[in-house]
Amino acid sequence: MAKHIFVTGGVASSLGKGLTASSLGRLLKSRGLRVTMCKLDPYINVDPGTMNPFEHGEVFVTEDGGETDLDIGHYERFIDENLARHSNATTGSIYSSVIAKERRGDYLGKTVQVIPHVTDEIKERILCQDTGNFDVVITEVGGTVGDIESLPFLEAIRQMRKEVGRDNVCYVHLTLVPHIGPGGELKTKPTQHSVTELRSRGIQPDVIVCRSDQPLGSDVKRKISMLCDVPIEAVISALDAPSIYQIPLALHAEKMDDYICDLLGFVGYDPDLSAWEGLVDRALSATRSVRIGIIGKYVNLADAYMSVVESLKHAGIHHHCNIDIDWIQAEDLENNFNPDRLKTLDGIVIPGGFGHRGIEGKIAAARLAREELIPCLGLCLGLQTMFIEYARSVAGLSLAHSSEFDDNTPDPVIYLMPTQHEVTEKGGTMRLGSYKANLLVNSQVARAYGDTVVSERHRHRYEVNPGYRSLLESHGLVCSGLSPDEKLVEFIELPGHPFWVATQAHPEFKSRPDNPHPLFVAFIEASMSRFEGRLPHIIDPEGLEASHCAPGAVEVAMDVESQPES
């Protein structure tokens with residue numbers, strides 16, 4: 001049976017519960033323990049899939065097609081494990097399940113109540129993480145202690161100590177210790193009140209992690225220890241760090257993992273953090289930098305592109321190079337296009353998104369990157385805008401567009417994929433989760449991956465219209481990755497360009513700090529080459545193989561005239 005660690009937060013939101021939980025997961029895994037993680041979110045949405053990125057940041061997609069909280073991405077990156085849709089439970093999903101059970105008669109006519117029915121459902125979601133393959137399940141409770149929305153979750157994790165045994169549960173509480181006043185005094189009162197609120201729900205924290213911008217002195221730790229009834233060694237100072245990947249090392253320096261392992265009875269599991277220390281040292285000692293422009297729709301909230309930014313950083317660590325992000329609002333490029341600003345960039349990323357706003361700005365950026373030989377990586381919607389740009393500027397289809405944005409375009413080079421396709425098994429018309437692709441032999445993407453069969457996660461409805469594929473290919477574009485049945489374009493690239501590559505997938509969801517994604521590695525390499533004033537090896541278009549690596553695949557691309565209705 002797995003041990004359970006519950007991470008809660010108080011005083012203020014956005015203190016870093018997800019990163020604290022993730023860092024603890026990495027520390028325990030460095031000791032040879034098998035770790036998995038999950039997130040309990042108090043909001044009533046069933047999942048974040050329908051939420052505006054300005055509301056909740058990035059929607060992270062798991063291998064099995066779950067649309068989850070962005071903290072699941074942090075978990076995967078830190079513990080290097082693929083999680084699943086059941087790793088994220090919301091109030092909406094909990095109540096939806098309870099109501100469905102009530103309608104089926106599962107409760108045998110009983111009055112359905114928060115206690116025990118809702119709390120039992122929450123506990124079931126926690127316990128289902130323990131498949132027998134893990135030593136530790138770390139569960140983060142979203143929100144802040146004191147929020148009315150969090151009460152059922154706090155009650156459920158309180159009951160868990162009785163369910164699985166007192167010695168098998170550890171409660172970690174994250175609070176804020178602000179630095180206030182001209183005297184520079186650290187104030188412990190917010191932490192005291194937060195712990196009092198948690199105790200009022202029946203939970204006595206075992207460990208208190210204190211966020212602050214200054215180290216906690218021994219006198220402050222003693223005060224928190226005495227007033228919050230925890231041993232002084234269980235009061236952990238968590239300072240702001242230049243890199244999030246320093247956090248595990250900082251918590252280890254405070255001996256947080258030592259204390260929790262002693263508490264849970266993990267004896268003889270010594271940590272080996274040498275690889276992680278090397279990674280952090282490489283991240284902090286880089287002397288080179290590249291400037292990467294992200295052409296986004298939600299750039300006022302960096303969390304909307306969390307995985308993209310982290311993937312760029314992972315590739316930077318790999319190349320011992322700093323990544324300077326230039327956030328560029330796509331709408332600004334529509335209204336006031338300034339090519340000189342883009343020309344100063346070493347690389348351009350065109351990320352995913354939904355809706356018409358900013359599309360023409362993304363297309364303009366794709367064109368400038370192509371014409372000025374600026375390395376450009378398109379992700380999901382980024383591929384679609386690059387395909388539209390090429391159709392307009394090179395293939396002569398001046399009115400080409402996506403039917404998502406223009407129902408009346410005479411050339412819908414991007415269209416809503418047919419609902420009869422097998423992908424309807426995941427999310428209706430939305431293609432969600434992991435799908436395979438066959439890569440063109442000797443293409444840039446095949447060289448980057450070092451393979452010709454890859455699997456990437458998706459989250460989109462619209463696809464490249466196969467009726468236009470042959471036309472654009474006749475004008476020099478290479479569709480360098482296709483679905484196994486060759487019906488769907490998964491990757492495109494432009495031979496002769498240092499790096500003008502796009503994928504319909506979201507490779508950023510699979511990048512890890514100690515295992516960066518190959519597409520991002522190749523993109524940053526090309527960006528460094530631009531920065532250094534030299535171009536990388538340019539692939540000879542004649543060197544590409546004539547077919548994809550899908551034995552027996554049938555060519556299904558249609559003539560433009562016979563393309564299906566959007």
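We're numbering straight along the sequence, starting at 1. Note that this is a predicted model, so its numbers are computed, not measured.
At a threshold of 4.5 Å between non-hydrogen side-chain atoms, the residues H460 and L381 do not count as touching. A 4.5 Å side-chain heavy-atom check between H506 and R459 finds at least one atom pair inside the cut-off. In this structure, the side chains of L251 and D257 stay at 4.5 Å or more apart for every pair of heavy atoms. The shortest distance between side-chain heavy atoms of Q504 and C380 falls below 4.5 Å. Between K3 and F266, the closest side-chain pair of non-hydrogen atoms falls below 4.5 Å. You'll find the side chain of R288 stays beyond 4.5 Å of the side chain of N322, heavy atoms only. Taking 4.5 Å as the limit, every side-chain heavy atom of I317 sits out of range of all side-chain heavy atoms of D514. With contacts defined as side-chain heavy-atom distances shorter than 4.5 Å, the pair M37/T139 does not qualify.
Between K123 and E121 there is no salt bridge, since no side-chain N of the basic residue sits under 4.0 Å from a carboxylate O of the acidic one. In summary, R211 and D240 engage in a salt bridge, as defined by a charged side-chain N under 4.0 Å from a carboxylate O. Checked for salt-bridge contact, D262 and K255 miss the test: no charged N lies under 4.0 Å from a carboxylate O. Salt bridge absent: K221 and D219 never bring a charged side-chain N and a carboxylate O closer than 4.0 Å. Salt bridge E155/R201: absent, no basic N to carboxylate O contact under 4.0 Å. Between D324 and R291 no salt bridge is recorded (no basic side-chain N to carboxylate O distance below 4.0 Å). Between E81 and K29 there is a salt bridge, since at least one side-chain N of the basic residue sits less than 4.0 Å from a carboxylate O of the acidic one.
Pairs of residues two or more places apart, or lying in two chains, never qualify as ring pair (Phe, Tyr, Trp, His ring centres under 6.0 Å) while including a residue from residues 193-214.
More than 12 heavy atoms of other residues, nucleotides or ligands shown are found within 6.0 angstrom of CD on Q204. Heavy atoms of other residues, nucleotides or ligands lying less than 6.0 angstrom from CZ of R104 number more than 12. Heavy atoms of other residues, nucleotides or ligands lying less than 6.0 angstrom from OH of Y269 number 12 at most. Counting non-hydrogen atoms of other residues, nucleotides and ligands closer than 6.0 Å to CG of L284 gives a total above 12.
Heavy-atom minimum distance, V46 versus T90: O-OG1, 2.9 Å. Nearest heavy atoms, A315 versus I524: CB-CG1, 3.6 Å. When every heavy atom of K17 is checked against every heavy atom of V7, the shortest pair comes out as O-CG1, 4.2 Å. Across all non-hydrogen atoms, the minimal contact from C210 to V235 is SG-CG1, 4.1 Å. Among all heavy-atom pairs drawn from M1 and V164, the shortest one is CE-O, 3.4 Å. Among all heavy-atom pairs drawn from D206 and A234, the shortest one is O-CB, 3.3 Å.
Judged as a side-chain contact (heavy atoms from CB on, under 4.5 Å), and not counting sequence neighbours, the contacts of K510 are E63, S455, E456, R457, H517. The side-chain contact (heavy atoms from CB on, under 4.5 Å) test applied to K313 returns V309, E310, not counting sequence neighbours.
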key: Evaluation steps, salt bridge (Lys or Arg N to Asp or Glu O under 4.0 Å), between E102 and K110   = CA-CA 9 Å; E102 185 273 331; K110 290 183 177 296; over 6 Å; no
ask   = How far apart are the C-alpha atoms of N88 and D41, what are their side-chain angles, what is the distance that settles it, and do they pass the side-chain hydrogen bond (donor to acceptor under 3.5 Å, both in side chains) test?
value = CA-CA 7 Å; N88 191 194; D41 273 309; 3.2 Å; yes
key: Test side-chain contact (heavy atoms from CB on, under 4.5 Å) applied to Y259 and E254, step by step   = CA-CA 9 Å; Y259 182 82; E254 288 282 302; over 6 Å; no
key: Criterion side-chain contact (heavy atoms from CB on, under 4.5 Å) on I328 and V299, from CA distance to verdict   = CA-CA 7 Å; I328 300 174; V299 297; over 6 Å; no
key: Chi angles and distances behind the side-chain contact (heavy atoms from CB on, under 4.5 Å) call for V349, I295   = CA-CA 6 Å; V349 176; I295 317 297; over 6 Å; no
message = Applying side-chain hydrogen bond (donor to acceptor under 3.5 Å, both in side chains) to S285 and H320, what does each step give before you reach the verdict?
response = CA-CA 8 Å; S285 63; H320 206 205; 2.9 Å; yes
From CA spacing to verdict: side-chain contact (heavy atoms from CB on, under 4.5 Å), S93, R125 = CA-CA 10 Å; S93 68; R125 300 296 181 95; 3.3 Å; yes
task = Starting from the C-alpha separation in whole Å, work towards a yes-or-no answer on side-chain hydrogen bond (donor to acceptor under 3.5 Å, both in side chains) for E140 and Y75.
result = CA-CA 10 Å; E140 177 193 349; Y75 301 166; 2.4 Å; yes
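Taken from CG in D147 to OG in S13, the straight-line distance is 8.5 Å, to the nearest 0.5 Å. Between the CD1 atom of I323 and the NE2 atom of H319 there is a distance of 8.5 Å, given to the nearest 0.5 Å. One distance of note links CZ of R85 with OG1 of T68; it measures 10.0 Å at 0.5 Å rounding. Residue T191 holds its OG1 atom at 10.5 Å from CG of L227, rounded to the nearest 0.5 Å. Note that OG1 of T62 is 8.5 Å distant from CD1 of I72, once rounded to the nearest 0.5 Å.
Using a 30° and 60° split on the angle between ring planes, F6 and H4 fall in the parallel class, below 30°. Classification of the W276-Y245 ring pair by plane angle, with boundaries at 30° and 60°, yields perpendicular.
Shown are I138, D135, I79; of these, the side chain to side chain contact (heavy atoms under 4.5 Å, CB included) with L28 is made only by I138.
Side chain of R103 to main chain of V98: no donor-acceptor pair is present (N/O by atom type, distance under 3.5 Å, no hydrogens or angles). One N or O on the side chain of H117 and one on the backbone of Q113 form a donor-acceptor pair closer than 3.5 Å. Not one N or O on the side chain of S87 forms a donor-acceptor pair closer than 3.5 Å with the backbone of L83. Panel note: side chain T91, backbone P42; a donor-acceptor pair is recorded below 3.5 Å. A donor-acceptor contact shorter than 3.5 Å links the side chain of D130 to the backbone of A2. Within the 3.5 Å criterion, the main-chain N or O of K297 finds no donor-acceptor partner in the side chain of K362. The closest donor-acceptor contact from the side chain of S527 to the backbone of F523 lies under 3.5 Å. Here the side chain of H179 pairs no donor or acceptor atom with the backbone of Q214 at under 3.5 angstrom. When atom types are taken as modelled, the side chain of S200 and the backbone of E197 share a donor-acceptor pair closer than 3.5 angstrom. Side-chain atoms of R357 never come within 3.5 Å of backbone atoms of E331 as a donor-acceptor pair (strictly under, hydrogens ignored).
Aromatic rings from F520 and H314 are positioned such that their centres are separated by 6.0 Å or more.
The cationic group of R431 lies under 6.0 Å from the six-membered ring centre of Y435 and within 45° of the ring axis, placing it in a cation-pi geometry.
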